[in-house]
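Shown next, in structure tokens, is the structure this report addresses.
Quick caveat: nothing in here was measured; it's all calculated off a predicted structure.
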Amino acid sequence: MPLVHGREAPTGSGTPKGKKTQSLPARPASDSVADIGDQPVNTSTIMKLPVCTGAALSLRLSSEYNTYSGSDPRLTLTMKTTGDTARVPCRVNASRNDAPLTITPAGQHTSTWKSSACTEGHAGPRWLQASHNRPATIDFHWKRIAGSKHCDKEEAAPYATYLAEASLAGAAPAQTSFVLARKESSKPPATPSRTPSPSKSASGDASVTSGGSSGSIGGLLSGGTAQTPSTKRASPSGEPTSANGGANANGGTGANGSTGGGDDGFIGGGG
């Protein structure tokens, strides 16, 4: 090193005095309540952009569903530039405190939940780049918790219609609404039992079947030909008939159906 008047001459190397290097904000931890996903955050390129003003920002808040009967509400805040500076990118702070979401029952003034409450571990800045063609987004997840002051106490929010509102950097707030409904039962409704109608008895069917002549059934069961029962007729002479259905030997019909006189003639040899 050269000497000047007995002293070391200063060189041009080294950091000039009075000028400090600006440190970048730390990368924020993953946040399940206000999630920014994999968007670039707190980078050197983003920190060089101008801060977005309220007049240059357009906010849009949308709900995943209109009615939530079983799942938790999820809402998305979209931030993009508008107006004369729409093509000029700028940066927005999407932290819990700078971009809060407030949920209030419809028709009331007291909020049920705020994303800016209970920010332990998520209070740092989260600078995102926003432009008209490449908006910045925040995905909010409300776990149906009522009350924002008691972080260690989780009280379920009542079923009702809610109004959600998001604000950022002085821009006009964005709003949407949704309904928390009771979860429908997955069990199918019970089917009323029916009283069985009286069935025909076996004997009733049998009696109808056997409504024909007994002789026909008897003949079929015995393997013979069905016959119609004969009707007994009185003899012409009015005399009583014998037990076997024939008349007496003197004038009636014999057992084999021949007349008595003829039999006697044949037997006696008369002709």
Practice item. Taking atom types as modelled, find out whether Tyr68 and Ser63 have a side-chain donor-acceptor pair closer than 3.5 angstrom. Key: yes

Check your understanding: Do you see a donor-acceptor pair shorter than 3.5 Å between the side chains of Asp139 and Thr76?
Key -> yes

Compare all side-chain heavy atoms of [X] with those of [Y] and state whether any distance is below 4.5 angstrom.
X: Ile46; Y: Pro40; answer: yes
X: Arg91; Y: Gln129; answer: no
X: Tyr162; Y: Ser177; answer: no
X: Ser58; Y: Thr81; answer: no
X: Val51; Y: Trp127; answer: yes
X: Trp113; Y: Val33; answer: yes
X: Leu75; Y: Glu64; answer: no
X: Thr137; Y: Ile36; answer: no

Do you know the tightest heavy-atom contact between [X] and [Y]?
X: Ala157; Y: Thr112; result: CB-CG2, 4.3 Å
X: Ser115; Y: Ala99; result: OG-O, 4.3 Å
X: Ser116; Y: Thr119; result: O-CG2, 3.0 Å
X: Ala166; Y: Leu61; result: N-CD2, 4.0 Å
X: Arg87; Y: Pro89; result: O-CD, 3.4 Å
X: Ala94; Y: Leu128; result: CB-CD1, 3.7 Å

Roughly how far, to the nearest 0.5 Å, is [atom2] of [Y] from [atom1] of [X]?
X: Leu101; Y: Ile138; atom1: CG; atom2: CD1; answer: 9.0 Å
X: Thr104; Y: Gln175; atom1: OG1; atom2: CD; answer: 9.5 Å
X: Glu165; Y: Lys114; atom1: CD; atom2: NZ; answer: 10.5 Å
X: Leu24; Y: Met47; atom1: CG; atom2: CE; answer: 7.0 Å
X: Ser167; Y: Asp98; atom1: OG; atom2: CG; answer: 9.5 Å
X: Thr67; Y: Leu180; atom1: OG1; atom2: CG; answer: 9.5 Å

Exercise for review: Treating Ile, Leu, Val, Met, Phe, Trp and Tyr as nodes and any side-chain heavy-atom pair under 4.5 angstrom as an edge, say whether Val88 and Val92 lie in one connected cluster.
Suggested key: no

Review point. Would you find more than 12 non-hydrogen atoms of other residues, nucleotides or ligands less than 6.0 Å from Tyr159 atom OH?
Key: yes

Quick one: does any side-chain atom of [X] pair with a main-chain N or O of [Y] as donor and acceptor, under 3.5 Å?
X: Gln108; Y: Pro105; answer: no
X: Asn42; Y: Pro125; answer: yes
X: Arg144; Y: Ser71; answer: yes

Practice item. Run the numbers on Leu59 and Leu77 for side chain to side chain contact (heavy atoms under 4.5 Å, CB included), then give the verdict. Key: CA-CA 7 Å; Leu59 307 184; Leu77 174 63; 4.1 Å; yes

Exercise for review: For the pair Lys143 and Asp72, find out whether any cationic side-chain nitrogen is under 4.0 Å from an anionic carboxylate oxygen.
Suggested key: no

**Study point:** Ionic contact status for Arg96 with Asp31, cut-off 4.0 Å
**Key:** yes

Practice item. Any chance you could lay out the side chain to side chain contact (heavy atoms under 4.5 Å, CB included) test for Ile145 and Glu155, step after step, and finish with the verdict? Key: CA-CA 6 Å; Ile145 300 174; Glu155 181 182 352; 5.9 Å; no

